Amino acid sequence: MPIHNADIADVFNEIADLLEIQGGNPFRVRAYRRAARSIGEYPKNVRAMIAEGADLKAIPAIGDDLALKVREIVATGSCALLASLRAQLPSAVVALLRVPGLGPKRVRQLYEQLHVQSLEQLEQAAAEGRIHELHGFGPLTEAHILANLQGRLDKSRRFQFAQASQRAEPLLVWLAALPDVERVEAAGSLRRLRDTVGDIDILATAREPAEVTRRFVAYDDVSAVLAHGPTRASIVLRGGLQVDLRVVQPACFGAALTYFTGSKAHNVALRRLGQDRGLKVNEYGVFRGDVRIAGETEESVYESLGLPWIPPELREDSGEIEAARGAALPALVTRGDLRGDLHTHSLASDGHASLRAMALAACERGLSYLAVTDHSKRLAIAHGLDARRLAAQIDEIDQLNAQLAGVTLLKGIEVDILEDGRLDLPDAVLARLDLVVGAIHSHFDLPRERQTDRILRALDHPSMTILAHPFGRLIDSRNPSDIDLLRVIRKASKRGCFLELNAQPERLDLMDTACRMAKDHGVLVSINSDAHSVAQLDNLRYGVNQARRGWLEKADVLNARPLAQLRPLLARTMRSPACETSGSP
DNA sequence: GCCGTTTTCGGCCCGACTGTTTTCAGTCG
């Protein structure tokens, strides 16, 4: 089985978990976690780097020892250290770390003293009252463990951004209306616009902080109170979403907002930067000795560290601090930059609105063009169009465009990419369209080589314009397909094709790191709503969020081009077979 | 186990809350 970066990251993370439970050197544990993250996010495939003879120590957090282990994992699929750790401690115990309230120390105690090594055994031990007898545990801890297990409250559970945002909005409004509250702001991954949100972090200033946390834990949508102090409190809403509130002094607000926006890795990087300058950075401010030199605003915090303000979307310690230092932060794309939408559906397939209604709705939303891309015949469940119906729709759009003012409909199709990479409609009818959006809707789990070759062949089709939702993932329900994105991007670049960032909240596909990879190779990304109704045109904002996390600027986005500039990019002359250089797909 | 415009050895981010202890360890973010 070929080893991917994510596999290596998994091995290092399990090593870190097991070392931590065994009470290993915490800095060594951290080194494995940093290495796992670094490799997991590294844009180049490590297996390919080894094949090319590249120096693995060029990867951040990889030194002599871990470079050897990476080679070992690529060669053998595992590594001796992991095997020996597993021999000392069953790897199933790492699942116990996912239980809220259980960290490495307690997991070790449970294993050594009660021989607990699975969630089932943990639940049984708690139910039988054996846990509270352990030193350091008590009846409350035992009750919490039981409640967490029975409620299946999982630390690793994440919510789609849109779901979390819809739960957070009313709570933020309610908090802002409390009499003592002066200021309320969401922080955390919600503010960083991540595609999924683990919990909601809220920051407030208030005249009487303790009064605010008291009211907060009594919010009427609360199903559990996890913590309640004078300045901090944590609740779980019905539906399982955790919300953490911190109330801070106004003079600290910027420092606290920075701190609670994170990411954790970004915070650590800021603190190290502070250390280098003899400064201490925490949620109360930036301090030289006991003197606070910054903290009221985020700008002041960054300025004290010699940096310009960094947009929250970029705060992942993935190059943003270096870019800020070099005055090279991107001017991120905004919703207002979008001039059109290149993937939408109508009544002709599985959409819920007419062509005219979609066109008018697009116009109302400030868009000047809208591509109609109904499904093709293979997707029978969506009433996909065959060549005859598509030809009729082409004529209908021509007639409608003659009547419409302020918005232009583009003739398109979301054509199925068949298992072998052919497209689902005849070349002749595809050639009549303004654009062809190709998409995979079946055989999502082909092996990497076949899945990649399938896409490369589709990109070689002279009519192909945009690869829709390239990974096919559905957050919570379908993993991304295994494709070699670098090969896909290189082919798209060579063929003058584009990649879609599908803005449906459960898709958000391309992912942020993939957007960045496309940008680095000069392949434009099309932020498309994939709207099946008028209201879903508003999904574009979720796509813009993701694009911003992927460092995309206006110039990197296909549909930020006005129509006159877009048309030549869509023209198939640049993709004609004659243009293609020789070589395999 | 990584890393270095102070360092090749000695550092490695910082504080709140809980439940347990009787002054603090563990967990979390």
Side-chain angles (χ1 to χ4, degrees), chain A residues 12 15-16 19-21 23-39 56-70 81 96-110 131-145 148 155-156 187-189 192 197-203 209-210 213 217 225-235 242-248 252 255-256 258-287 305 317:
Chain A
F12 284 171
I15 288 174
L19 279 175
E20 197 170 29
I21 294 169
N25 176 351
F27 299 110
R28 189 177 173 216
V29 171
R30 189 187 299 171
Y32 276 98
R33 290 206 198 287
R34 282 203 301 139
R37 179 172 184 268
S38 179
I39 287 196
L56 296 179
K57 291 203 291 175
I59 304 170
I62 300 298
D64 290 319
D65 182 85
L66 290 184
L68 282 175
K69 289 200 169 67
V70 168
L81 173 61
L96 303 181
L97 291 172
R98 307 278 101 80
V99 177
L102 293 188
K105 302 286 168 54
R106 285 178 171 161
V107 167
R108 183 183 188 184
Q109 253 188 301
L110 288 164
I131 289 179
H132 75 264
E133 293 166 355
L134 296 179
H135 181 78
F137 289 76
L140 280 170
T141 305
E142 184 174 70
H144 282 149
I145 289 172
N148 285 334
K155 278 193 284 199
S156 62
S189 49
R192 300 202 314 280
V197 172
D199 57 18
I200 295 173
D201 294 284
I202 298 176
L203 199 61
T213 61
V217 299
V225 177
L226 301 177
H228 178 197
T231 64
R232 298 171 64 152
S234 293
I235 60 172
Q242 181 175 330
V243 187
D244 299 331
L245 171 71
R246 279 88 172 181
V247 188
V248 302
C252 307
T258 306
Y259 180 78
F260 292 113
T261 295
S263 66
K264 188 170 176 173
H266 179 84
N267 287 347
V268 169
L270 289 184
R271 284 176 170 156
R272 296 170 81 106
L273 212 56
Q275 274 192 323
D276 294 344
R277 301 177 154 233
L279 303 172
K280 185 175 69 171
V281 181
N282 61 27
E283 61 261 56
Y284 299 106
V286 180
F287 297 85
L305 300 172
D317 190 27

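This one's a predicted model, so the numbers in the text were calculated from it and none came from an experiment.
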query = How do A:Arg30 and A:Val107 order along DNA chain B: which one's closest nucleotide is nearer the 5' end?
reply = A:Arg30
query = NA contact type, A:Pro26, heavy-atom cut-off 4.0 Å: base, sugar-phosphate, or nothing?
reply = nothing
query = Has the side chain of A:Asp201 got a donor or acceptor atom sitting under 3.5 Å from an opposite partner on the base of B:dG29?
reply = no
ask   = Watson-Crick or G-U wobble partner for B:dG29, using a 3.5 Å limit on both distances?
value = B:dC14
task = List the steps, then state whether side-chain contact (heavy atoms from CB on, under 4.5 Å) holds for A:Leu110 with A:Leu102.
result = CA-CA 10 Å; A:Leu110 288 164; A:Leu102 293 188; 3.9 Å; yes
query = Closest to the A:Ala31 side chain: B:dG29, B:dT27, B:dG1?
reply = B:dG1
query = Going through the distances and angles, do A:Leu97 and A:Ile21 end up as a side-chain contact (heavy atoms from CB on, under 4.5 Å)?
reply = CA-CA 9 Å; A:Leu97 291 172; A:Ile21 294 169; 4.0 Å; yes
ask   = Tell me: NZ of A:Lys105 to P of B:dG26, nearest whole Å?
value = 4 Å
task = Using the C1' atom on both, measure B:dC3 against B:dT8 and round to a whole Å.
result = 9 Å
ask   = For atom C1', what is the distance between B:dT21 and B:dA25, given to the nearest Å?
value = 9 Å
ask   = With a non-hydrogen cut-off below 4.0 angstrom, is A:Lys57 in contact with a base, only sugar-phosphate, or nothing?
value = nothing
Test item: A:Asp64 and A:Lys57 side chains (from C-beta on) under 4.5 Å apart, heavy atoms = yes
ask   = What integer distance in Å separates A:Asn267:CG from B:dC12:P?
value = 18 Å
key: Spacing of A:Ile59 atom CD1 relative to B:dG1 atom P, expressed in whole Å   = 17 Å
query = Quantified in whole Å, what is the C1' atom distance between nucleotide B:dA16 and nucleotide B:dC9?
reply = 34 Å
ask   = What residues, two or more places apart in sequence or in another chain, satisfy side chain to side chain contact (heavy atoms under 4.5 Å, CB included) together with A:Ala31?
value = none
query = For A:Arg33 and B:dG29, what is the distance between atoms CZ and P respectively, to the nearest whole Å?
reply = 13 Å
key: Separation of the P atoms in B:dT20 and B:dC14, to the nearest angstrom   = 30 Å
inquiry  = For the P atoms, the ones on B:dG10 and on B:dG15, what distance do you get once it is rounded to whole angstrom?
reply    = 26 Å
note = Expected string for nucleotides 14-24 of chain B under the B/S/- scheme (protein heavy atoms, under 4.0 Å, primed atoms plus P, OP1, OP2 as sugar-phosphate) is BSSSSSS----
key: Rounded distance (Å) that lies between atom C1' of B:dC12 and atom CG of A:Leu273   = 16 Å
inquiry  = What's the gap between B:dC12 and B:dT7 when it is taken at their C1' atoms, as a whole Å value?
reply    = 13 Å
query = Tell me: CZ of A:Arg28 to C1' of B:dC3, nearest whole Å?
reply = 17 Å
query = In Å, rounded to the nearest 0.5 Å, how long is the span from CD of A:Gln109 to CD1 of A:Ile131?
reply = 10.5 Å
query = Of A:Arg246 and A:Arg272, whose closest DNA chain B nucleotide lies nearer the 5' terminus?
reply = A:Arg272
query = Are any of the side-chain nitrogens in A:Asp317 or A:Lys264 under 4.0 Å away from the carboxylate oxygens of its partner?
reply = no
ask   = Do A:Asn267 and A:Tyr259 pass the side-chain contact (heavy atoms from CB on, under 4.5 Å) test, and can you show the C-alpha distance, the side-chain angles, and the key distance before you say yes or no?
value = CA-CA 6 Å; A:Asn267 287 347; A:Tyr259 180 78; 3.9 Å; yes
note = Between CG of A:Asp244 and P of B:dC28 the distance, given in whole Å, is 12 Å
request  = Taking only Lys NZ, Arg NE, NH1 and NH2, and the carboxylate oxygens of Asp or Glu, determine whether A:Asp65 and A:Lys69 approach each other closer than 4.0 Å.
outcome  = yes
Length of the CG-P vector between A:Leu96 and B:dC28, whole Å = 12 Å
ask   = Mind checking the C1' distance from B:dT18 to B:dT23? Whole angstroms is fine.
value = 15 Å
ask   = Which part of the nucleic acid, if any, lies within reach of A:Ile62 when heavy atoms closer than 4.0 Å are counted: base, sugar-phosphate only, or nothing?
value = sugar-phosphate
